[in-house]
Amino acid sequence: DFNTLYKDAEIAFKECVSKNENSFFADNIEDSLNDIKIKEDNVRIKFLGKNKHQFVIEINILLISENDEEIGWYSLQKNEKGEIVDDYLVFH
């Protein structure tokens with residue numbers, strides 16, 4: 001279900017920016033991290049080699065400022081079991 005995947009990415013993003021060790025992210029943007037809006041971007045499935053039973057689901061969301069400008073993106077990666085294997089946060 002795409003709605004669930006995008007919601008998982010939004011929750012993971014909020015958890016990521018709320019961690020003390022990631023407080024430096026707030027220095028990279030003009031807006032408050034709490035004011036960032038989320039926009040659904042895309043979901044990709046990447047198979048590992050030719051094995052149809054091993055894959056990664058990549059859920060990408062765009063980060064939008066209060067001025068409705070794209071200021072970055074967040075990507076959550078889950079394996080075929082639904083376990084989080086990696087994430088990426090990039091501000092422009």
Side-chain angles (χ1 to χ4, degrees):
D1 176 20
F2 289 118
N3 291 329
T4 301
L5 292 172
Y6 283 122
K7 189 66 174 171
D8 289 349
E10 181 178 350
I11 291 168
F13 164 72
K14 290 179 179 179
E15 288 175 358
C16 175
V17 296
S18 68
K19 292 180 182 176
N20 285 337
E21 69 244 26
N22 291 337
S23 62
F24 64 91
F25 284 127
D27 299 334
N28 293 324
I29 61 170
E30 294 179 17
D31 296 330
S32 165
L33 290 171
N34 296 328
D35 294 331
I36 293 175
K37 295 179 263 181
I38 304 298
K39 181 179 177 187
E40 298 168 354
D41 189 27
N42 64 67
V43 175
R44 298 178 191 163
I45 300 174
K46 298 178 182 179
F47 290 92
L48 304 176
K50 294 183 179 182
N51 186 341
K52 64 181 176 181
H53 301 290
Q54 279 191 305
F55 55 88
V56 173
I57 302 168
E58 182 181 281
I59 307 108
N60 297 302
I61 56 177
L62 300 176
L63 309 176
I64 309 298
S65 73
E66 290 182 295
N67 298 331
D68 291 326
E69 296 175 1
E70 183 181 325
I71 58 171
W73 55 271
Y74 178 79
S75 179
L76 179 67
Q77 296 188 352
K78 294 181 160 197
N79 64 15
E80 66 279 355
K81 298 174 187 170
E83 302 165 332
I84 296 173
V85 294
D86 211 348
D87 67 339
Y88 302 93
L89 175 57
V90 175
F91 287 105
H92 304 302

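We count residues from 1, following the sequence as given.
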- [ ] Say whether, by atom type as modelled, one donor and one acceptor occur between the side chain of Tyr6 and the main chain of Asn60 under 3.5 angstrom.
- [x] no
Task: Sole candidate of Leu62, Ile61, Ile64 that passes side chain to side chain contact (heavy atoms under 4.5 Å, CB included) when paired with Lys37 - done: Ile64
Task: Least distance between heavy atoms, Gln54 atom then Glu80 atom - done: CA-OE1, 3.7 Å
TODO: Take atom CZ of Phe2 as the centre, draw a 6.0 Å sphere, and report whether it contains more than 12 heavy atoms from other residues, nucleotides or ligands.
DONE: no
Task: From Ile45 atom CD1 to Ile59 atom CD1, the distance as rounded to the nearest 0.5 Å - done: 9.5 Å
Task: Approximate separation, where rounding is to 0.5 Å, of Ile38 CD1 and Ile11 CD1 - done: 11.0 Å
Open item on the list: Is there a side-chain contact between Leu76 and Asp8 in this structure, where contact means two heavy atoms from C-beta onward sitting under 4.5 Å apart?
Closed with: yes
TODO: Treating Ile, Leu, Val, Met, Phe, Trp and Tyr as nodes and any side-chain heavy-atom pair under 4.5 angstrom as an edge, say whether Val85 and Leu48 lie in one connected cluster.
DONE: no
Task: Co-membership, hydrophobic cluster, residues Trp73 and Leu5, 4.5 Å side-chain - done: no
- [ ] Mind checking the CZ-CD1 spacing from Phe91 to Ile36? Nearest 0.5 Å is all I need.
- [x] 4.5 Å
Task: For Lys52, all residues meeting salt bridge (charged side-chain N to carboxylate O under 4.0 Å, His left out), sequence neighbours excluded - done: none
Task: Reported CG-to-NZ distance for the pair Asp1 and Lys7, which is rounded to 0.5 angstrom - done: 12.5 Å
Open item on the list: Strictly below 4.0 Å, N to O, side chains only: are Lys19 and Glu15 in salt-bridge contact?
Closed with: no
- [ ] Using a 4.5 Å cut-off on heavy atoms from C-beta on, say whether the side chain of Phe13 contacts that of Asp87.
- [x] no
Open item on the list: Atom CG of residue position Asn20 - does it have more than 12 heavy atoms of other residues, nucleotides or ligands inside 6.0 Å?
Closed with: no
Task: Sidechain-backbone polar pair: Asn79 side chain, Lys81 backbone, donor-acceptor under 3.5 Å - done: yes
Open item on the list: To check you understand the geometry: which heavy-atom pair defines the closest contact between Asn22 and Cys16, and what is its length?
Closed with: ND2-O, 2.9 Å
Open item on the list: I need the single residue from Val17, Ile71, Asp41 that forms a side chain to side chain contact (heavy atoms under 4.5 Å, CB included) with Leu63. Which is it?
Closed with: Ile71
TODO: Starting at NZ of Lys14, measure out to CG of Leu33 and round the result to the nearest 0.5 Å.
DONE: 12.0 Å
Task: Heavy-atom closest pair, residues Glu58 and Ser75 - done: CG-OG, 3.3 Å
Task: Flag side-chain contact, heavy atom, 4.5 Å: Gln77 against Tyr88 - done: yes
